[in-house]
Amino acid sequence: MNYWLMKTEPGTFSWDDLEKDFMTRGWSEWDGVRNYEARNNMCAMKQGDEVFIYHSSIKPAIVGIGRIVHEAHADSSDTSGLWQCVDVAPVKKFACPISLAVVKALPQLKSMTLVKRGRLSVQSVTHEEWKFILKLAAVTS
DNA sequence: GCCAACGTTGGC
DNA sequence: GCCAACGTTGGC
């Protein structure tokens, strides 16, 4: 099992939209990613892998956990044939989102890709980082 | 709204 | 293949 982090702008697609999709269709297509490294990361995802869902822009924070329900397939919003995406379902919303400021402030998380490479929209998370953030979420909820 | 970081494009 | 110009992302 591998761990990941996916960003979304809540004004365009938020955690609530993820839950709405889940109620109606069972998953959300994570379409619209147009960055090669982000795409390659999605192509490396396996069914059952878990992802942090991150809201960018106003109040940047990790807001919850999702799960990969379908591995990479053609992005239905793309006609070039270049872009792939995965399908995601919500698993758990954090009672208290973990803000970017907190992630940056904690030495255990300061080498996260989220901190080092702020613009990469789909990134991997180490098992250590994953466990640490889960603990943090349990404490603050 | 500003601007730094950084990915992409295109001329040479 | 280099690199300047340009566009986009995303934190602040």
Side-chain angles (χ1 to χ4, degrees), chain A residues 1-25 27-141:
Chain A
M1 155 110 78
N2 286 303
Y3 302 98
W4 310 90
L5 181 145
M6 298 174 112
K7 296 190 184 186
T8 182
E9 271 207 64
T12 307
F13 185 87
S14 69
W15 175 271
D16 288 347
D17 295 315
L18 191 67
E19 289 194 336
K20 259 181 250 166
D21 280 352
F22 182 62
M23 295 306 174
T24 54
R25 298 161 36 199
W27 67 82
S28 302
E29 184 181 355
W30 207 265
D31 60 7
V33 173
R34 297 293 180 268
N35 170 282
Y36 291 105
E37 196 173 352
R39 180 201 63 183
N40 293 346
N41 283 335
M42 282 199 287
C43 288
M45 290 175 178
K46 297 294 179 196
Q47 192 169 351
D49 279 359
E50 292 190 312
V51 299
F52 287 132
I53 305 297
Y54 176 87
H55 279 178
S56 61
S57 300
I58 332 158
K59 294 196 68 180
I62 301 169
V63 295
I65 301 168
R67 180 177 285 125
I68 305 305
V69 297
H70 298 129
E71 293 175 15
H73 56 78
D75 181 330
S76 68
S77 71
D78 167 51
T79 50
S80 71
L82 261 180
W83 302 107
Q84 304 257 115
C85 66
V86 292
D87 294 334
V88 186
V91 172
K92 188 181 195 323
K93 185 182 187 178
F94 289 156
C96 181
I98 295 166
S99 73
L100 179 62
V102 164
V103 171
K104 283 182 168 175
L106 289 168
Q108 294 91 336
L109 300 178
K110 71 173 196 302
S111 56
M112 276 188 83
T113 304
L114 185 64
V115 176
K116 289 185 146 179
R117 301 194 44 210
R119 288 184 52 184
L120 185 60
S121 60
V122 179
Q123 46 187 262
S124 63
V125 172
T126 69
H127 194 206
E128 287 68 33
E129 290 160 353
W130 183 271
K131 281 185 295 186
F132 187 81
I133 289 168
L134 285 194
K135 251 189 264 176
L136 208 58
V139 167
T140 53
S141 62

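We name chains A, B, ... by the order of the sequence lines, and we start the count at 1 in each one. For the numbers below, each heavy atom of this structure counts, side chains included, while hydrogens, waters and symmetry mates do not.
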Should L5(A) and T113(A) count as side-chain neighbours, where that means a heavy-atom distance under 4.5 Å?
no
Modelled atom types, side-chain donor and acceptor of S57(A) and E9(A), under 3.5 Å
yes
Could you check whether any side-chain heavy atom of R67(A) comes within less than 4.5 Å of a side-chain heavy atom of V88(A), counting everything from C-beta outward?
no
What does nucleotides 6-12 of chain C look like as a protein-contact string, B for base, S for sugar-phosphate only, - for none, at under 4.0 angstrom between heavy atoms?
-BBBSSS
Give a yes-or-no answer on whether the side chains of S77(A) and D75(A) include a donor-acceptor pair shorter than 3.5 Å.
yes
Within the 3.5 Å criterion, strictly below it, is a donor on D87(A) or W30(A) matched to an acceptor on the partner's side chain?
no
